Protein chains: 2
Amino acid sequence: MKKSMTITEIAKEAGVSKSTVSRVLNNKSDVLPGTKERVLRVIREHQFQPNAYARSMSQRRSRTIGVVVPHDIDYVFQNQYYMEIQRGILKAMTKRGYYALMLCCRDMKEAFDAVLQKRVDGLLLISPLYEHTPYINELLEHHVPLVLIGKSPASQQVYQVCIDNYMGALSAMQHLFGLGHRRIAFINGPHFLPSSEERRRAYLDGMARQGNAVLPGMVREGYNSIDSGYQIANQILNEFPDVSALFVASDYMAIGVLDTIHDRGMRIPQDISVVGFDNIQMSEQVTPSLTTVSQQIEEKGRISVNLLMDLIEGAPTPEGRVIDVEAKLIVRDSTGPVSSRQPDSPWKTHHIAL
Amino acid sequence: MKKSMTITEIAKEAGVSKSTVSRVLNNKSDVLPGTKERVLRVIREHQFQPNAYARSMSQRRSRTIGVVVPHDIDYVFQNQYYMEIQRGILKAMTKRGYYALMLCCRDMKEAFDAVLQKRVDGLLLISPLYEHTPYINELLEHHVPLVLIGKSPASQQVYQVCIDNYMGALSAMQHLFGLGHRRIAFINGPHFLPSSEERRRAYLDGMARQGNAVLPGMVREGYNSIDSGYQIANQILNEFPDVSALFVASDYMAIGVLDTIHDRGMRIPQDISVVGFDNIQMSEQVTPSLTTVSQQIEEKGRISVNLLMDLIEGAPTPEGRVIDVEAKLIVRDSTGPVSSRQPDSPWKTHHIAL
DNA sequence: CTGAAAGCGCTTACAG
DNA sequence: CTGAAAGCGCTTACAG
């Protein structure tokens, strides 16, 4: 690499001290306009930019944030959710002049190292799992600026930006109820995601509130992939041919479910309705487009980054540690009124009886 | 953040000079085993890790690589291709102890800044466009260690890791020819991607070699999204109902094409065959699974990172500047022999047969 | 084998 | 308004 200039050389060439160059660089107020202009010209001439790490040393801050994705890299990088989160994050960081160091490590070792080595001013943790709780608490004890995206059972002192999974899932159920569906199956995400439990609860509560029976095989767990959605929907429809709607806890799985239904020669939504969860971009592009619960992915990224930067800079931050972003139901083409071929099913009568 | 220890404090506590601590930290040979042990104990006791930026300053290298994605962030982050590339990159970097700074900027300004500020030891440029050529050449003049992933018409001095798009596309065409297809339409990617031209050439050459006519509307350009594949396939099938196969220059578009065909009541591959390009993970998960040309995405990420790190460390690197990774055809369920009535009979009979 | 000193390229009080 | 000096936390010759 070409040797680049230093502040000392700029100072010499501009005929001032490096203190003055530093003042110009940092836009301090008290520099004579003439001096400032002279220094700026030399800086521009050489395309000079100060060494970021020298700067970090004396300012003891790096303007760098660690973006931690504590999952198996193979799992994460096939999931649009993480990509959209990253998008929100990078956009907001760039806007405020911060840099993002990517830290991909299930055991969070790299993240700890980056903190101990002072590479980062703070950490953003995407979708923590149960197993990360002790690490999170340890970071808090060290007073590392930290924001989680997604819910975690860790210390209540940690900031977490999340949607209300329970209410989001419930709104999906109510949408289906409103369309007359009663026989609704549920495909949940992996049990190791803290969000899965809440969505499950909403499904069960919703069904119970409507007085709808939930048979054991009607609730199943997938791995958030298209393929697992495809498989599980087949199992469900084999066992419960009278199911009129499926609520699926992730869009990827829901897209697999669409395939299943297609392949079984049924129409969506005339024969079966499907609701997803996440609102990844793809959910709008598939055919039929998917009714789903928006996670406000990009928005969460934006909010959490700004919160973290405020934390780092000592700017005022909200009192409450949990920042809730509304989970909005997005109605598209994969849901419709329950089919008229269903009325003779026992559950329908059941509903009317209610 | 909790104030962390410095090498000086470790030295005092271990009763040695900081030079010695530094030697232990860097695993230099000439330290008395006893001394070394004593220092190591203190280091472990305090979980000490040296300040990375202080280190960067004296060593004048940061062990950080800029991963540049010079595209509109909205475009990139809906594309699994970039995610899988990142995966290969991060895996390889972690293994060699480097860190990744994410630089997302169409105009490459942030990338230049990171270089001028000495934040990074080198750059990895993902899928350069035509418009980036002058920037690439400028970086080369400054002797910035640089590796491109994907082809670029920039200076022949730059290392580029890519697949042979022409041969890859040709193998797809030959696969279709082998199955008896003659009436093959082509949906290309955006013209601003350097790869699009090569794939187009392969399609045209293949068709010409077989003596197959290519009517103007049989070659179209999409935007690499599922939705654009869906739309364009509809246009093509409206205009050319006798097309028996589509070669689609990206898996996303190909997935949209599958939807189109489904929606028109035709079967894949019995009525129409579809070949994609990229081999993103999703291509294996859709139904039917997609025959496609593998870009060896993760492999390219791995190779390019290792090449860049060798370049940075002054290790020997290959003579040739273009590292070609083989583009392999992956045959799955979306292609099959041309239907017996294809050559001249119209589609209608088929439709009704359903 | 080990330590004292200089240096990496900045910023930040402290004088004036 | 500006400069000289000290300091950030390391590494790296240079002595011994």
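Every value quoted in this text rests on a predicted model; they were computed, and no experiment measured them. Protein chains get the first letters and strands the later ones, always in sequence-line order, with residue 1 at the start of each.
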Legend entry - Closest-nucleotide ordering on DNA chain C, the 5'-leading residue of R23(B) and L25(A): R23(B)
Inset, instruction - For residues 118-137 of chain A, pull every pair meeting side chain to side chain donor-acceptor pair (under 3.5 Å), keeping only residues two or more places apart or in separate chains. - result: S62(A)-D121(A), R106(A)-E131(A), K118(A)-S4(B)
Inset, instruction - Verify whether one side chain among N51(B) and R60(A) offers a donor that lies under 3.5 Å from an acceptor in the other. - result: no
Inset, instruction - For the pair H46(A) and E13(A), evaluate side-chain hydrogen bond (donor to acceptor under 3.5 Å, both in side chains) and give the outcome as yes or no after the intermediate values. - result: CA-CA 11 Å; H46(A) 295 280; E13(A) 196 166 326; 3.0 Å; yes
Inset, instruction - Give a yes or no on whether a salt bridge exists between K12(B) and E9(B), defined as a side-chain N under 4.0 angstrom from a carboxylate O. - result: no
Inset, instruction - Using a strict 4.0 Å threshold on nitrogen-to-oxygen distance, state whether R44(B) and E37(B) make a salt bridge. - result: yes
Inset, instruction - Note every stem involving DNA chain C: at least three consecutive Watson-Crick or G-U wobble pairs, i with j then i+1 with j-1, with both distances under 3.5 Å. - result: C:1-3 with D:14-16, C:5-12 with D:5-12, C:14-16 with D:1-3
Inset, instruction - Measure across A111(B) and C105(B) and return the closest heavy-atom pair with its distance rounded to 0.1 Å. - result: N-SG, 3.9 Å
Checking [X] side chain against [Y] main chain: does a donor-acceptor pair fall under 3.5 Å?
X       : Y       : result
S304(B) : K300(B) : yes
R23(B)  : K28(B)  : no
Q49(B)  : Q47(B)  : no

Inset, instruction - Could you list by number each residue of residues 11-22 of chain B showing a heavy-atom separation from DNA chain D of less than 4.0 Å, or answer none if no residue does? - result: K18(B), S19(B), S22(B)
Inset, instruction - Using a cut-off of strictly less than 4.0 Å between a heavy atom of the residue and any atom of DNA chain D, enumerate the qualifying residues of residues 39-61 of chain A by number. - result: M57(A), S58(A), R60(A)
Legend entry - Name of the residue among L125(A), I126(A), L103(A) meeting side-chain contact (heavy atoms from CB on, under 4.5 Å) with V67(A): I126(A)
Legend entry - Start and end of chain A contact along DNA chain D [non-hydrogen atoms, under 4.0 Å]: dC1(D) to dG9(D)
Legend entry - Pairs involving residues 306-324 of chain B, ordered by first then second residue, that meet salt bridge (Lys or Arg N to Asp or Glu O under 4.0 Å) (sequence neighbours left out): R96(B)-D310(B), R96(B)-E313(B)
Inset, instruction - Could you tell me whether K36(B) contacts a base, only the sugar-phosphate backbone, or nothing, with contacts defined as non-hydrogen atoms closer than 4.0 Å? - result: nothing
Inset, instruction - Kindly compute the distance separating CD1 (I89(A)) from CD1 (I297(A)), expressed to the nearest 0.5 Å. - result: 11.5 Å
Inset, instruction - Determine, step by step, whether Q160(B) and K151(B) satisfy the side-chain hydrogen bond (donor to acceptor under 3.5 Å, both in side chains) criterion, reporting the C-alpha distance in whole Å, the side-chain angles of both residues, the deciding distance to 0.1 Å, and the verdict. - result: CA-CA 6 Å; Q160(B) 26 194 106; K151(B) 221 140 238 161; over 6 Å; no
